[in-house]
*Asks:* 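Here you go, one structure.
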Amino acid sequence: MKTSAFRLAAALAAGLVLSACGGAPAEPGVARATTVNALPEGRLAEGEARANTKGAATGQSCVDCHGADGNTPLDPTYPKIGGQYRDYLAHALQAYRSGDREHALMSNQAADLDDQQIADLAAWFASRPTELRDLHGVHSIN
């Protein structure tokens, strides 16, 4: 009995791993859909254009504050978002838009974005070179 239960658990685990890794690659210029509130496919060219568009609320574009690559922020307290996970960026923009996350500038910038624009921005910034680094253990005491 133990052996058959183990085999079943192993088969289920293998199936989950394979399904997570499977799927056809996205066509060039289109990022794969995320599971963040069922957003549409992110389009890179449209995301780049939107990142350079001045927002009516602040008169600033995304790249004005975060830099052309998303990694050279205007202010050192602004995050580097180039190469950030697409799901994280989309979730953050949705939270600013809904009011679940608040910031004096970002809440206003995101308020008028639709789902397609959020998907496009998230896909484009995620496609930029990353300066993300793992801080695990940086402050450990030896």
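Just so you know, these numbers come straight off a predicted model, no measurement behind them.
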*Asks:* Mind checking the CD-CG spacing from Q94 to L113? Nearest 0.5 Å is all I need.
*Replies:* 10.5 Å
*Asks:* Just wondering, do D75 and C65 contact through their side chains at under 4.5 Å, heavy atoms?
*Replies:* no
*Asks:* Measure the CZ-CH2 distance between R86 and W124 for me, rounded to the nearest 0.5 Å.
*Replies:* 15.0 Å
*Asks:* Are the side chain of D120 and the backbone N or O of G42 linked by a donor-acceptor pair below 3.5 Å?
*Replies:* no
*Asks:* Evaluate the side-chain proximity of L93 to Q117: yes if any heavy-atom separation is below 4.5 Å, no if none is.
*Replies:* no
*Asks:* Report yes if the side chains of F125 and Q84 come closer than 4.5 Å at any heavy-atom pair, otherwise no.
*Replies:* no
*Asks:* Distance check, rounded to the nearest 0.5 Å: C62 atom SG versus E48 atom CD?
*Replies:* 12.0 Å
*Asks:* Verify, without hydrogens or angle tests, whether S107 (side chain) and A104 (backbone) share a donor-acceptor contact under 3.5 angstrom.
*Replies:* no
*Asks:* Find the distance between OH (Y96) and CZ (R101) and round it off to the nearest 0.5 Å.
*Replies:* 3.5 Å
*Asks:* Using the ring of each side chain (for Trp, its six-membered ring), is Y78 parallel, tilted or perpendicular to H66, with breaks at 30° and 60°?
*Replies:* tilted
*Asks:* State, with a plain yes or no, whether a side-chain heavy atom of S127 is found less than 4.5 Å away from one of L44.
*Replies:* yes
*Asks:* A119 and P40: which non-hydrogen atoms are nearest, and at how many Å?
*Replies:* CB-O, 3.3 Å
*Asks:* State whether a side-chain donor-acceptor pair under 3.5 Å links T58 with Q109.
*Replies:* yes
*Asks:* Could you give the distance from CD (E46) to CZ (R43), rounded to the nearest 0.5 Å?
*Replies:* 4.0 Å
*Asks:* Any idea which heavy atoms bring A122 and A90 closest together, and the distance?
*Replies:* CB-N, 3.7 Å
*Asks:* Sequence neighbours excluded, which residues qualify as side chain to side chain contact (heavy atoms under 4.5 Å, CB included) partners of D69?
*Replies:* N71, T72
*Asks:* Give the C-alpha distance, both sets of side-chain angles, the deciding distance and a yes or no for side chain to side chain contact (heavy atoms under 4.5 Å, CB included) between L39 and I118.
*Replies:* CA-CA 8 Å; L39 287 175; I118 287 175; 3.9 Å; yes
*Asks:* Is it the case that over 12 heavy atoms from other parts of the model lie below 6.0 angstrom from the CG atom of N52?
*Replies:* yes
*Asks:* Once you round to the nearest 0.5 Å, how far does CD of E102 lie from CG of L105?
*Replies:* 13.0 Å
*Asks:* Is it true that R97 and D114 have a side-chain N and a carboxylate O under 4.0 angstrom from each other?
*Replies:* no
*Asks:* Suppose we screen for side chain to side chain donor-acceptor pair (under 3.5 Å). Which residues come up paired with E131, at least two apart in sequence or across chains?
*Replies:* K80
